Amino acid sequence: MPGRTGVAAVSAWLYVPAGRRCVVGAVPPVELRVGNTGTDDVWFPGVLDGSETASRFPIYRPAVLGATDEVVAEPPAPEDGLVGPLRRTDFHRLRPGETFDPTSRGRFLPLSTFATFTPAVPGTYRYRLLIDTTAEDPGAWLGKFGQQAYTDEVLPLLAGVPRVRFVTALDVDVGPAAPGTGS
Amino acid sequence: MLGVSDPTIVTSGMFDRFEDAQDYQEEVAALGNGASTSAPAPAEAEAEVPPQPAPPRPERIQAPFPRPLRTRAVRGRYRGASGNWRLELRVDVDGERPTRRVSGDFFSTSGSTTGYFGSFVVHAPTITTKPAHVLIEGTGSFTWRAAAPKIRLRIPRVPAHQPQRPATLEFRTASDTAGSAYQCTYESRYFRTVSYEEDSVTGTVPFVSYDTASLPQPAGSPARVLTVPKALAEAGIELLTTGAANVIPTSAAGANATWSDSELHAAMVNHFSRFTNAPRWQVWMLVAGAHDGGYRGIMFDYEDAFQRQGAAVFYDAIKGTDAASRRSQLRTYVHELGHAFNLMHSWQKDLAVPPAPLGPNGGLADLSWMNYDWKYQQSPSGPGGASAYWASFPFQFTENELVHLRHGYYRNVIMGANAFSSGAADIDPDLFDDPVQDASGLALELRSPKPAFAFGEPVVVELKLSGTELRDRETHGYLHPNDDLVSVAVQQPSGRTRLFRPLLRHCVDTARTVTLGVGRPALYESAYLGFGRDGFLFETPGTYRIRASYVAGDGSRVLSPVLRLRVRPPATGADEIVGELLLGEEQGQLLALLGSDAATLRGGMTAIDTLVDEHPDHPLAVYGRLAKGINELRDFKELTADKTLRVRPAHGAEAAQLLARVVEDSVADTVGVDNITLNMALRAKARAEAKAGDLGRAVDTTRDMVRMFEGKHLNPLVLDDIRAQAEATWQEIGADDGENGHRSSEA
Ligand SMILES: [Zn+2]
């Protein structure tokens, strides 16, 4: 059940892998993919240090809404802006039709809001994610430290990132705790 | 640069060695005197604990070896000296959360200055407990190639109520030859001591304390009241609150009332009473209203040459008097101070230079002040978030962070030294390192004649040496980097630091004595740094940091503040062509030598001719004319391939014409060549005119020189020097003339 897609040549969708159930007391296994729906190769960044709190581009800002659209989980105010350098490895090359997971462990950061939100009551939760790559100023993308060694290699890639800003969302049905789980 | 090269080797009986047996007897006697509650000391053979292999890291307070008597913890900071060397030693094998390490920083005294030399750490020592002392042995990692890298450290065990007695540290070579030895006096139970100044902005309320029992906390975390200094003290770091707590008006944040990082830096410069651009154990904290980025806090000093000196927390984002708010405030304060000690976020450790290992789950599982509570997660699919963090967080740094705070190499930890995230010294340790103490009475300054240099433009800087006291100070007058006594380090935009190594190095003695004082407050020199033995130093556009060091007559090492200068990218196609014409290897040599007829540099001379002929009105053509003009003024001697000496006589008229244009293009400040080079060019022009037979014009040139500099509003003493130079040039012209058979008739 893919969610809404975005604009331009890139889209993104949240999903729960087939066969997985969402129950109270456990983190719903919501995953994310970004795909190239255009006709040219594109470079697209994954979730980086500061993306989740919108402290730097790319912005991947998540929120979870409850039954009455109240926000039940979202990143807090950013602690500080000391985000790490933007490097070539932070970009994934997508050929037309290809997709990737911008939160893949070991390479990018998880979206901690989704990765730690544990619903306490059954119901439908709306997972919402803002993806924004519209900043043209490299300063809005580059890290606050250790950047100098990588600037030359990332500026050309940055120029080729599709500038998009869209929200993708997914409604997740959370059932009662499975018998025997004790919650 | 420093006189003695290695503090781990014997230099000449400068220390006293302690005989084991004698020392042992003393220790036993000392223990016997105070140990009223103890059983008789067992025989050494029985009491000896076998050497321990590198153990698993103790997580909690735990003594790593049995203590038959209640003795003082074998832990803390010691201080020793040997000859010109001073040692700060840290012993960490006992007490709270021991990391089982020994480390130290060496400082060297030269003349009236003391500078940092290097650091070492022994990561996995063998610890042997004897009745009267603890013996710690192992091989250290050093910031230099130490000749004697093995250590043997003996620390007397003393009853808990007695003062700690001196420790003895001996260095040994890999083949077990004795190196140097240091007797070290106990100084503190803290490994490092940092001055802490906290100022606040009008309307904010600084955090005071949090009782860890106010909210549920993990079972292993004892209930205690934590202040910011107390939290650091638990890590073995002493924060000494210093300076009056100033209240800063909100207007300092600028018109928008929220703070940017640069406004915070400016506030630090204005309000941190101890602020200095140098490595120092001191940090400033500002309690401000709000940051432009909406942050809770920031270590804002991450951009300039002396980073990590200050941090801020933002009251609007963190305020609240309930327990959870105060707990979060404590975390934010300690977290930002952690950055000032060069600790990175838990998930960023692999971005350090060199990279450090990440903790579990990509670092997100670290229970540390340096993690974010909401990012905390035990495992990729395990529990996480703020509530999970606080349920498990015992208010502490991780083991690896403790090792950094307590034993990290000096420059990696001290504020104002290595850049944030940089743990590796890519910097020449002798340069960019401030003396810890400077009583030389001299100050060295680097000045740039213009705010920015064009692409390809020869970079010339001015060196100024002055006295800092009213009384006269005698030293030598060798101030040019071509002299052996001045060194210049250049940090390029890439971050790489290179020493300027001149094409021609002058070895000097120190006989050229000058007295700096009321009569002559300063010496000046101009140096072309653009090209040296390693090629061009300023060939790419960007910001450069330059620092010079001068070894004074008494051996003091006087360092200049860092000069930042910018090389602009070419703005036009012509700028690019001209820049490239000046940036050839041979052209670099020609600019350094101010021209040459040498056949090996013919290609370079052709490029300079092209510059002057095809781009006559480009601002950088002045440098081509200068090199050509000075070269034309010389009788150029060249030994040809068939070993005959060919002399190309000076071309006075051509030289005079070229130099006249150099002068014309440099009259206004910040265009053309700098003042000191202009002065040199004017005198060369006068000599060229004399060589061309026009003595009248030559004398006019020397008079023009005086008038021109009088118009530049220079220091009167400098003007006196210029008048004297004009006089000397005039006399030189006359003498030259006499030798050449002409009559010197000008008055
Ligand atoms: Zn931080």
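In this text the structure is predicted, and so the values were computed from the model without any measurement. Letters A, B, ... are given to chains in the order of the sequence lines, protein chains preceding strands, and every chain is numbered from 1.
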Cut-off 4.5 Å, heavy atoms of chain A, and the answer for B:D261 is side chain
Turns out that what part of B:N361 lies under 4.5 Å from chain A's heavy atoms comes down to side chain
Whatever's closer than 4.5 Å to a heavy atom in chain A on B:H339 counts as side chain
Whatever's closer than 4.5 Å to a heavy atom in chain A on B:P383 counts as neither
Correct closest heavy-atom pair for B:L351 and A:P85 would be CD1-CD, 3.8 Å
Applying a strict 4.5 Å limit to non-hydrogen atoms, the region of B:M299 in contact with chain A is both
Cut-off 4.5 Å, heavy atoms of chain A, and the answer for B:F314 is neither
Under 4.5 Å to a heavy atom of chain A? For B:W347 that would be side chain
Here the gap from A:K144 atom NZ to B:I298 atom CD1, rounded to the nearest 0.5 Å, amounts to 7.0 Å
Note: vs chain A, highest number of non-hydrogen pairs under 4.5 angstrom among B:H291, B:H335, B:M344, B:E303 is B:H335
Is B:R326 atom CZ crowded by more than 12 heavy atoms from other residues, nucleotides or ligands, each under 6.0 Å away? yes
For residues 105-115 of chain A against chain B, heavy atoms under 4.5 Å, the residues are A:R105, A:L109, A:P110, A:S112, A:T113, A:A115
Checking heavy-atom separations under 4.5 Å from chain B, one finds in residues 64-83 of chain A A:P75, A:P76, A:A77, A:P78, A:E79, A:D80, A:G81, A:L82, A:V83
Scored by heavy-atom pairs under 4.5 Å with chain A, the best of B:A317, B:G297, B:G362 is B:G297
Given the side-chain rings of B:F420 and A:F145, with only the six-membered ring counted for Trp, is the space between their centroids under 6.0 Å? yes
When the 4.5 angstrom heavy-atom criterion is applied to B:Q307 and chain A, the contacting part is neither
When rounded to the nearest 0.5 Å, the distance separating CD of A:Q147 from OG of B:S421 is 10.5 Å
Applying a strict 4.5 Å limit to non-hydrogen atoms, the region of B:L364 in contact with chain A is side chain
